[in-house]
Amino acid sequence: MIEYVVMIVGVLGSILALVQRDLLKAAILTGITGGCIAFLFQILLAPDVALTQAIVGAAIVPVFLAITIHKTKRVGEDD
Amino acid sequence: MIDTQLAALLSSGSFIIIGLYAAVFIDNIIKKIIGLSFIEEGANMFLIALAYRTDGVVPIFLPGMTPEWFASNSAYPLPHALVLTSIVIGASTLAVMLAIAMVLYRKHGSLSASVILGDKHE
Amino acid sequence: MDLYTMICDSIRGFKSNIRKDPITNQNVSSAMAAELTIVSTVLTAAIMLRHLNVVLTILIVLGLVLYLITGMPLISKFKREQSDSLNKMMFYMILTLGILVTSIYWGFKP
Amino acid sequence: MNDLIPLMVIVPIIAAILLNLFIKYNTTIKILSFLVAIVLPIIPILSNYGLHYFGGHAPLMDNGTLLNSLPSYISDGPLSTFHIGITYSFESLQKILIFFLFVVGFLCIFTTIGERKRTPGSYMFLMLMGLAAVTAMLLSDDIFHMYIFFEIAVVAQVGIILASTDNQRYEIAMKYMILGSIGGPILLTGIGFLLGLVGSVNITDIVYVVRNGLVNANSPVFLFSFGLIFFGWLYSVGLPPFHTIKSAVYSKAVPSGSALLQALSVVIFISLGIAIFRIYSSVPFIGVFIIFFSLCGMILSLTMAIMENDFKRMIGFLAVGELGYIGLGFGLGTKLSLTAALFQGLNEMIITATLFIGFGVVLYMTKTSDITKLGGLIEKNPKIAIIVLLGGFAMAGVPPLNGFQSKLMLVQSALSDNFPELAVIMILISIVTFMTFIKAFHSVYLKPKPKNLVIENSDVPRSSVLVMVVLIAICIVLGVVPTLVTDGFSGFVGGLI
């Protein structure tokens, strides 16, 4: 049952990340999606991949994004 | 209730479609890059979902299992090995793109793709 | 006669269509060479459809001749569409992906 | 010696990493990269044909003791022929192409060392990394392995673009990466469909499974995987709709870098094309798709090249248009046409390298690439003008140069396969190529010199001239004695069909 909830949270998180105007929030929501995918990998019987995805998707990618946003501009234009 | 594998395949497909939408229609370049990372993650999740086996076990051969039982019950480990490589490649490509985005922002003072990646130099 | 004036007009129209660059004879002649290349190669390639169906080929070639001659300054449109803008590249990429996947998945299912 | 096969990938990677360590020491970098580049072409000559199994994981068939200990449903079934580890196969095609790839790579590195006072270590790193990646793609018998090295090659290509001094390089690199980040995962998804259907990513295994009817070759999943992998192939080689970005990529790099980029593209084209051809040869309409996109690529790139006023961009479009010829050879799918396509790919690598480096000299001298502002350079250095003219002849297919031989083979194969229209188009495109080249050549060399043209560096680096002479010599040798390479190619193609 939990996997369906995680899937829905992951997909919703990705949509929410793309509609944010504040880019820092978008980066954090990307991390949430990455974490959800890591959890799904665990459920889908791939624990070794889940470890890597948890580090890359939930920590490294959002940090990269946050660094870029810090160096550029925090609030995106209207789109 | 649909089974887990089908649900995982569907959600990987929706990640790919959301990412494609973002890459095509959203103007902000950072959000474009976020969308591209979603495409990458969707493709990875598709491979992992292919390897899943309903009521299966993790593909680690533990003491007490017979080879026949393991072969008929474990998930398929080959895609796992492939996805490990693919995740790392995706992260490094993302890092390169973000670095270029920083340089472009310093040059143009904007993050809008139609401004910095348009056709005005021709 | 009508067709002839149309072709002449379109050749005259080249100069006005290439307004961005400084107009030289070289630019106009290269645009005309490109135009003729497109027309001749597309028509020749269309004849290859005879491996499918001969009647269809005749119809398509005739239609292409009419279309290519009436819409004569093609090359300026082509050049505008193949610019370096990311949006245009992305549009054609998604279009190709869609056509490819659709035609393969539904068009060729036995 | 089969042990030498992986060295073709390992040596450039190790050299690249070492160069990155010594990034502060200019002389060390020069000597080391020169040495590595000169050693590289020797490896494919010395090594023997054969297969290399990484980690010693041969198929179960070859391992009698292990095979007997397994249950009968493995040892008797097709599983016993599957390749367990990554396999590198080294045959005549690989031998010839890798040799010439390394020669072109050596010449590009040599040009870079000669042109620049201070050799950037990171640039050498990228060049060697790109060489290693495409070599691995050509050697590998594993489609996922190809994908991984293709992504590495893309990052290396982007690095080579960024190493130039062009004003627009960051924009073009960003566009290339954005398009690549869509094309790459789509290619991966196609490989995923194939993996789900067959259970292996080894091309030989997939071909075995499809040929023996273990998998329905008409199933929608198989066709869908063809569509996705084909799209990834279009991206990786720069056929439409990617011809604009590919030509922009060529025009933004340093000329010696562009020469290498074109060599990398050709090898990626051939390696992925052969993989697609082997896997999907049972699909009836594969040739139609390849011919359609190749024709579009040739026509669109050529017409864009005529209209162009920037000679770097013009050569870039011409290079992309020439790739269409290889595609036509693959699309026809006969033995002669495949041989001709491989030969054409090899020629293209060499000829475009000549043209890029030759026009690079003009850029080095005048610092401008706009042909309306150039002219009269034949007085300055007539030798280079003649060499560039020979390169243009080779590209257009004038006898006795190598372009003539491969294009003649392609035309013959089209005629004998009942496609005279293709032959006509090929000849037409060849004529237009020549015209475009002559337009550029005339306005750079023959036209009277404009008054405001300033020649900043009148001393041409000797290394560039030497490199061009070597490349033209290869062109002439291959044009006079084409059987040097075509025998090897036709031997390989005979095993393919």
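Bear in mind the structure is a predicted one, so any value in this text is a computation, not a measurement. Below, all heavy atoms of this structure are taken into account, side chains as well, without hydrogens, waters or symmetry copies. Here is how names work: the chains are called A, B, and so on, in the same order as the sequence lines, proteins then strands, and each is numbered from 1.
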K.L.:
For B:F46 versus D:T189, what's the shortest heavy-atom pair and its separation?
P.N.:
CE2-O, 3.7 Å
K.L.:
What distance do D:H145 atom NE2 and B:T85 atom OG1 have between them, rounded to the nearest 0.5 Å?
P.N.:
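So the NE2 of D:H145 and the OG1 of B:T85 are separated by 10.0 Å.
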K.L.:
Which one of D:G184, D:A173, D:S181 has the most heavy-atom pairs closer than 4.5 Å to chain B?
P.N.:
D:S181
K.L.:
For each of B:E40, B:K107, B:M97, B:E68, tally heavy-atom pairs with chain D at distances under 4.5 Å, and name the one with the top tally.
P.N.:
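If we count pairs closer than 4.5 Å to chain D, B:M97 comes out on top.
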K.L.:
So for D:F144, is it side chain, backbone, both, or neither that comes closer than 4.5 Å to the heavy atoms of chain B?
P.N.:
side chain
K.L.:
Hey, which of D:L195, D:V201, D:V155 has the most heavy atom pairs under 4.5 Å with chain B?
P.N.:
D:L195
K.L.:
May I ask you to name which of B:I39, B:L36, B:L50 has the most heavy-atom pairs under 4.5 Å with chain D?
P.N.:
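Between B:I39, B:L36, B:L50, the count favours B:L36.
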K.L.:
With a 4.5 angstrom heavy-atom cut-off, which part of D:D310 approaches chain B: side chain, backbone, both or neither?
P.N.:
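Looking at D:D310, nothing touches chain B.
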K.L.:
Working to the nearest 0.5 angstrom, can you tell me the gap between B:L82 CG and D:L188 CG?
P.N.:
8.5 Å
K.L.:
At a heavy-atom distance under 4.5 Å, which candidate from D:M177, D:E151, D:E171 has the highest pair count against chain B?
P.N.:
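The option with the most such pairs is D:E171.
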K.L.:
Would you indicate whether B:F70, at its atom CZ, is surrounded by more than 12 heavy atoms from other residues, nucleotides or ligands within a distance under 6.0 Å?
P.N.:
yes
K.L.:
Give, for atom CD1 of B:I89 and atom CZ of D:F149, the distance between the pair rounded to the nearest 0.5 Å.
P.N.:
8.5 Å
K.L.:
Give me the atom names and distance for the closest heavy-atom approach of B:A43 to D:P185.
P.N.:
CB-O, 3.9 Å
K.L.:
Apply side chain to side chain contact (heavy atoms under 4.5 Å, CB included) to residues B:I100 and D:V158 and explain how you reach the verdict.
P.N.:
CA-CA 10 Å; B:I100 301 177; D:V158 168; 4.1 Å; yes
K.L.:
For D:I191 and B:L47, run side chain to side chain contact (heavy atoms under 4.5 Å, CB included): C-alpha distance rounded to whole Å, both residues' side-chain angles, the deciding distance at 0.1 Å, then the answer.
P.N.:
CA-CA 9 Å; D:I191 294 172; B:L47 281 176; over 6 Å; no
K.L.:
State whether the number of non-hydrogen atoms from other residues, nucleotides or ligands found under 6.0 Å of D:K367 atom NZ is greater than 12.
P.N.:
yes
K.L.:
So for D:Y147, is it side chain, backbone, both, or neither that comes closer than 4.5 Å to the heavy atoms of chain B?
P.N.:
side chain
K.L.:
Where is the tightest heavy-atom contact between B:L78 and D:S200, given as atom of each residue plus distance?
P.N.:
CD2-CA, 4.4 Å
K.L.:
Quick check: do B:T93 and D:V154 have side-chain heavy atoms less than 4.5 Å from each other?
P.N.:
no
K.L.:
With a 4.5 angstrom heavy-atom cut-off, which part of D:I186 approaches chain B: side chain, backbone, both or neither?
P.N.:
neither
K.L.:
Is there side-chain contact between B:I29 and D:M174, with heavy atoms separated by less than 4.5 Å?
P.N.:
yes
